[in-house]
Structure formats: structure tokens, C-alpha cells
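So the structure is just underneath, and the comments pick up after that.
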Amino acid sequence: MKKNTLLIGLLLVSGTLAAQDWPAVQTEARPGSRWWWMGNTVDIPNLTYNIDEYAKAGLGTLEVTPIYGVQGMDDKELKFLSPEWTTMLKHTQAEANKNGMQIDMNTGTGWPFGGPEVTLEDAATKAIFQEYKIEGGEENILNLEVKDPKQAKVAKLNKVMTYNAQGQKLDITSKVKDYRLTWKAPKGEWRIIALYIGKTQQKVKRAAPGGEGYVMNHLDKGSVKRYLDKFDRAFQRDKVAYPKTFFNDSYEVYQADWTPTLLEEFARRRGYKLENYFPEFLDEKRPEITTRIITDYRETISDLLIENFTRQWTTWAHKHGSITRNQGHGSPANLIDVYASVDIPECEGFGLSQFHIKGLRQDSLTRKNDSDISMLKYASSAAHITGKPYTSSETFTWLTEHFRTSLSQCKPDMDLMFVSGVNHMFFHGTPYSPKEAEWPGWLFYATINMSPTNSIWRDAPAFFQYITRCQSFLQMGKPDNDFLVYLPVYDMWEEQPGRLLLFDIHQMAKRAPKFIKTIHQITSNGYDVDYISDKYLQNTRYEGGNLRTEGGSNYKAIIVPAVKYMPEKVLAHLVSLAKQGATIVFMENYPKDVPGFGNLESRRNAFTKVQKQLPDISDFNQSISSSFGKGHIITGTDYAATLGKCKVMPEEMKTNFGLQYIRRQHSTGHHYFISSLQDKGVDNWITLSVNEPTAMLFDPMTGEKGKAQTRIKDGKLQVYLQLQSGESVILQTFDHPVETQTWKYIQEQPVSLSLDHDWTLRFVQSTPAIEGTFAIDSPTSWTEINHPNAKINMGTGLYSLETVLPALNADDWILDLGDLRESARIRINGKEAGTVWAAPFRLKVGKYLQPGKNLIEIEVTNLPANRIAELDRQNVPWRKFKEINFVGLNYKKNKYDSWEVLPSGLNGGVKLIPITIL
């Protein structure tokens, strides 16, 4: 049976099987989580306890990431990769296997990669330049020792160059001995520039015991190999099975702008010697020659990172039967190429998005999300164009201040991940915490804390099931985005100041503002896109009426945004594709020049020859489609008008109804994930851009499914869609009839039954305890009841009501919980009706109701915020972690004793709504 299920899952992923039901659930479809081992202070009983709890809740994958420890636990800490540590890893793997879970592993502790085995020679490297001026004609003796006292014992002199006003450039490195330059220069004034190979001296951030030490030099092949060797020694010594996946966290290697072989690598790759142009390279006024040389430098750094780190790491993992999962953001590399160089590209959400969804609780103590859809799509684009089945995400990193994040706040940002192409999410995250640890348990400072110590864990299984249902579809088939968008990385490299350029998520609005605007303009017009780099564009071909990337994904056209720079080979390939039949769109202008400095004139000449073949467009303000060979070249500035000439039908659900979506294809049709991430819903016919005659709807919240109402209007397929603000649905189309039940469309009747009196309240669980039953009459926050612990507890309150169902002719009833704080399990007449955890906080309950009296019981669970605030008011020392310990959104050790009481439970507006099934 297990083999059959696996086979079905593989068929679904490959797109050779079309599901008319919910797809078979594989481990990868269930949510995963970063699993912090605090100080490596783990033991067998608590590993077993934690894994059992995670498995029961519905997690599918745990990523072991050792991190800094807990105060007072030094004697129980295990050194990373020690025999004692690998014993715990083997037990973890065995327990996970028993529970049907998968174990991934960070290839290090904390972040970035580094540790005690990384010697100073192998540590992250930076360039140091010192300048001198001398008069020629007589012998000069200069002391060339490095001036920075922090580099005095670590920096090594690498190159000494001298230049004069007549353009002479001389390598005088050989004239230096023991940092003393002795040189009789020719007459005239000479500028001497000395290059030193210094060290960033960055240490591993948040390292676990046995993981402390220098960050390695990711740009050096030997350094990376020696770093990986320690894992082979430990795994082979202790006969440990290599994990399914090795993980690398966001690239936060600061100031690492050099490597000892950079000058040689630069000359080999760029065709000229960088040292001959140190004066131009260092010119802070940044004339054109400087920006061109810096572009070449940045491209070289990108190449070295990809070749010497990510590819070597991935090859090493493959040798052991493992794969790699990597966060490429934060690195200096071309983001598409670095993401594409691993098996599972991973993006990151950081902060809370504001979608203004109706009924969604707002909180002033939140962090603005730096990861909008334009940033999130780098990882999925790389996966799509290279044919990789999974895109993962570090999800819910610090949405709000600690103890204040609800499941309902998580859902919109999860949906944003899904429409961006994520289909294999990981929580950030789940700290390992011993069962006996006093609450709030062991905590990591930048996490949602998706673990049994958080009150939201009680209803989290419903959230996990939602994610699993969504991902089971999103992992099925192949991507079906409309356009490829050329990534203008050379423009980004040319425009940005400085030398080392890191593409971190918090700075992308500054790094690529024009590109971000481009993506939003395209998507707002109802199209979806994947980005493509120069490398992968050159491997794209025209076949069967589509552009096909090397990974086998098809697209209708390539959009080139308003770029200035493009390599001549890339422009030539675009022209060739158009001649073969492809559609190429140039927005605002044709590319104007080649990037970089090496072999500039010959490359410019080749570029000009290709550019002259392009249609002569006198006015880009007009949207013009020009026949070109067998294809078309389209030009313009207005995105709606220009893309309209591509004859690609936009998705009306986006343009007319504001819905977010992602579309994929399967063997007999297409499927969409659709979310109303806005302050309104939709109740209307929606025209689709695909034309299969049959459609089904799947509700990932409840598991309901059914055949959708469809019709053909003006030759196009329309599907009737009902979504409220904040809701999501999966829509699947088929090229053949489907025999199944019909989807239940609803119409709310004009009169509802307000449940605003005769409620009672008691607590299923509460810390501190609240005993007894309270006749609260109206459904109000339990913080208002007359009990000393009501404003300071964390728990689950049971709201009960006996009500008489009126004799109405209703096909079903919806229970609307109004202002719910924060999630609830519903029981009606003793039967479990479901869990409500996200806006609009409604649930169909008609099948549980009966004529006459009905007992409605609602178990509401609140957030831990009120309880933790009271601990701070009582000066309870729960912040007991090493290193950064536990900080707030501002990275300061704030106390929460001044927090206002958060409402808990039901807060009014509870009603039963009779509905008619249409």
C-alpha cells in the first residue's frame, strides 16, 4: 500500500495523473518546520516526546538546526557532530521514520556556515586597499604594513601596483620584502596601490556548542571542501545515515568581498587584469569605466559563490544520496542562478503583510513584511525554469511581537507564499523544549514558536491540514505562468553604489525598485511570470509554439523590461528566438549597450550588429507589434496595451475582482490556487484563461469538493466563484467530463439568528486556573468576567448556549463566530463540527443541528500574550537563554509588563445564518 501511495504521489508531481479528488498526501505535502536544538541539549525521552507531538499535529518534516543554548544547562550540552550528538541524530531519524516524518539538517549550526574547524586561512575574506604617492627619480623605501589594527595579524599583502599620469601601470609586488617596498621609480609622480587579503573575522551567528568559530570563505573551493569534510568524518565514524535534505540559511556573510584567487579568476573570466585598473575600480566618483569594472567584479563574485559553494555543496550532497535546500537571498550572486544551482530553492517571509481582510485582527506590535510577491518569486522562478518540483519557504519569521501571533494572521501570508509559487513550506519555527521545562519552555528569539508550548498549537492541526491540502495540489503537475521576464541584473549591478552588493530581502526596494515596479505592473494586468537570467535565457528554445526553458516549462513570450545593459549573446539569442516564431516584448526601449568592461569594443560591435536587426521603432509610447521572421517583436510603454498584443488572455479574477492566484497544468487540464487577499470577496462568474470544459472546486479549509458551475460566454470558459474576504479555494479544470457531486453554492437568507444572550462560560484548561461556571449572558471576552485570573491567563474557554432553532426553510446553516480571539473548536449537540481559525471565522453546521433545542459549545483558545505579560509584571525570570537571549522586534530586551490586556474568547457578533443551496 505504501509503495502504491508513493507511486501516485510521484505521478501527481510529474503531471501524468489528473486528480478528481484530493491528491494523495506525501510527506512533502505536509508542513515542515525548522527545529532548533537549543545548545544541543537534547535527550532520547524528550526527542521521542517532541517528535510524537509534532507528528500527531500533522508536521511532515523537521529540519534540525542547532542553535545557542539555555542558561544553566552547560553540563548537558552536546558538541555538534560529536559521537554523543550523532547518537541523538540517529535516534531522531529512527523516531521520525516510525512517525512517517522526514528529517532534514542544517549543514552547520546557527548561520552562516562555519565553525571551529575553519582556520583563519579558510575564513571569510575581505579586500583591503592602501594608497601611497611617491616621486620618482630616486630610491623610495615605504613601509607597507596594513594600517588597520584589527587586520595587523591576519591580513596578507597580495599585490602592489603603481600607476602614473601617462597611463603606465607596473606590478612591483616582487620589490616588497617583509612589507618594505624598495623601489627606484622612473621620474614623475607615481600612485601606489597595495592590496591585502584581509579577514572579515565574522563568527558563526547564534552558534551551538561545537559550532563556534569563523565563517568560512564561501568563494573558495578548497575552503568549502574542507568544511564539508568534517561531516563525512563524523557520519562515517558513527555510521549515521545522511539526511534526505541538507539546508543552508540566508546568506549573511558580511564584508566578504574577496578571495585569495580573485585576481586570477577575474582575469580568466573577464578577459583583463583587474589590478591594471585599481585606480578606476576604487574611484568613488564612479565614472562609466568604474561602474563597468565593478559590474565585472560583481559578476565574478557571483560566479565564484555559485561554482565554489552552492554547486560544490549540492554535488557533495548528491554523492551521499541527499539533496540541498538553499536560501539564496542575502548573497551577492545573481539570485536566479544561485537559486537554480540547488535542488530546492527557498524564499523567506519576514514580517506581516497588511491585506485589510475583513474581520482579521490587527496588532500595532507587528513587523512590516519585506517580502512582497516580487521578492518571493525569485526562488519559485528558479525552480520553474529548471524543472525542480519544489519551492520552499522560511515562513512566518517574526510576524508580530512574541506571544501575539495568531493562526488567523498566518493564513494570508501563507496564501501569499502559495500564489508566489511556494509548495513546500517550513515554519520558522519550532524550538525543541523538554516536557519538564517550565512554561514558556525553550524559545528562539525570532520565531512564531509553532510548538506545543504555544497555545495556538491546540488548533494548529486544522491549519496544518489546510497547508497539506493546498500543497498536495501545488506540488501536482507543472507550472503554467504566462511570461518569462528577463532579470536585469546588469542594470542592478551598474546602478548600486559600493563594491560588494548583497541582495538581502530588507534592501530589495533599494536594490531593484524599477524591477519591482515592473513585476507589479505585469501581475496587476492579470498575468503571471517567472524571472529568467541571462544564462537560462540562452538555454531557452522555441518549440511547439511556446518558449521552453531547459527545465521543460512553457511560456508564451519573453518580456524585457526597460533595461540598459544586455550581453550581445543574449540579445542575439532573443533575435534568433523571434525569427523562429517566438514573441519578444521590449518595454520602453531596446537594450542600449553591453555590460562590463572586458573586450568592450568587440562586444559592442557585435551588439550593434544584432541591434540593427530589430524593427525600427520611432516611438515606444505606442504599443506596436512587428512581424519578425516567423515571430513578433512587440514594443511599448503601457503594460496593459503592450502585453495585450501578445494575444495571451489575462486572468479576469485578478484584473476585475482583485483575486490573487497561481495556475499550474496537469495532464488533462489546469488547476489554480486562488485567494481573496483583500477587503472584499467575490460572488460572480469568472472568465478563465483556459478552456477545458469541466471544472471542480476544492475547499482546503474543510475538504469539501464538487463540480463547479460553468458556462461558455464569448467562446471563453466561465466558472461561478464564491469567496469571502480572506478565503481561498482550489479550482481544477479537465478536458473530459467528471462524474462527482456538484459544488454547493450558497445564498444567505436575509434574516439571521443572533446568538447574543444566555451564554455560559467555563474553562477546559487555563493557566493560571479559573474554576467554576460563569453566566455571562452575552458572548464577550472572558477578560471581562469577575475573576482575578481572567486578564492574565492562557487557556481554552468553553462557551455554551442552548438555543431553539426557528422553523425556517433552510438548506444549511452557517455559524458565524464574529470577533473571535483567536481560534475555536465547534461542538453541536455533542458532535464535533470543525475548527475555526481564520477569517471570516465561519463554519457550515446545518447537518449537526436539529429541530427545536440545540446545544452549541465553542471551545475558544486565546494567545499567550496576557500570561507572559503577567510573568513580566511578577518579574519571573523566564528569559533564560544564552547569547542574544530573548529580544523584541527592535532587537532590545524589552519587557512585556506594560502590554494592554488582549481580548480573549468570543467578542460578540455570534450568529446562525440560514442559507439556501443554489
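Predicted, not measured: the structure shown is a model, and the values here were computed from it.
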Original post:
Do E299 and Y490 have side chains that get closer than 4.5 Å, going by heavy atoms?
Top reply: yes
Original post:
Where do T314 and T324 land on the side chain to side chain donor-acceptor pair (under 3.5 Å) test, with the steps shown first?
Top reply: CA-CA 6 Å; T314 300; T324 53; 2.9 Å; yes
Original post:
Between T430 (side chain) and M450 (backbone), is there a donor-acceptor pair under 3.5 Å?
Top reply: yes
**OP:** Assess the pair H424 and F426: is the distance between their ring centroids shorter than 6.0 Å?
**Re:** yes
Subject >> Salt bridge flag under 4.0 Å for residues D534 and K569 >> reply: no
**OP:** Return yes if a side-chain donor-acceptor contact under 3.5 Å exists between Y339 and Q327, otherwise no.
**Re:** no
Original post:
Which of parallel (below 30°), tilted (30 to 60°) and perpendicular (above 60°) describes W111 and F444?
Top reply: perpendicular
**OP:** Start with the C-alpha gap between Y297 and W493, add the side-chain angles, then the distance that decides, and say whether side chain to side chain donor-acceptor pair (under 3.5 Å) holds.
**Re:** CA-CA 10 Å; Y297 158 79; W493 280 336; over 6 Å; no
Subject >> Worked verdict on V560 versus L574 for side chain to side chain contact (heavy atoms under 4.5 Å, CB included) >> reply: CA-CA 10 Å; V560 180; L574 287 173; 4.0 Å; yes
**OP:** Test R325 against every option in E28, E63, E394 by the salt bridge (Lys or Arg N to Asp or Glu O under 4.0 Å) rule and name the one that passes.
**Re:** E63
**OP:** Quick one: pull up CZ in R237 and CG in D232 and give me the separation to the nearest 0.5 Å.
**Re:** 12.0 Å
Original post:
Does the pair F80 and N40 meet the rule for a side chain to side chain contact (heavy atoms under 4.5 Å, CB included), with working shown?
Top reply: CA-CA 7 Å; F80 181 57; N40 289 324; 4.0 Å; yes
Subject >> Salt-bridge contact R270-D303 (side-chain N to carboxylate O under 4.0 Å) >> reply: yes
Original post:
Between K199 and T125, do the side chains contain an N or O donor and an N or O acceptor separated by less than 3.5 Å?
Top reply: yes
Original post:
K126 and Q255: side-chain donor and acceptor closer than 3.5 Å?
Top reply: yes
Original post:
Within 45 degrees of the axis of the six-membered ring of Y214 and under 6.0 Å from its centre: does K203 put its NZ or CZ there?
Top reply: yes
Original post:
When you check the gap from the basic side-chain N to the acidic O, do R663 and D480 get nearer than 4.0 Å?
Top reply: yes
Original post:
Do R30 and T61 meet the criterion of a side-chain donor-acceptor pair at a distance under 3.5 Å?
Top reply: no
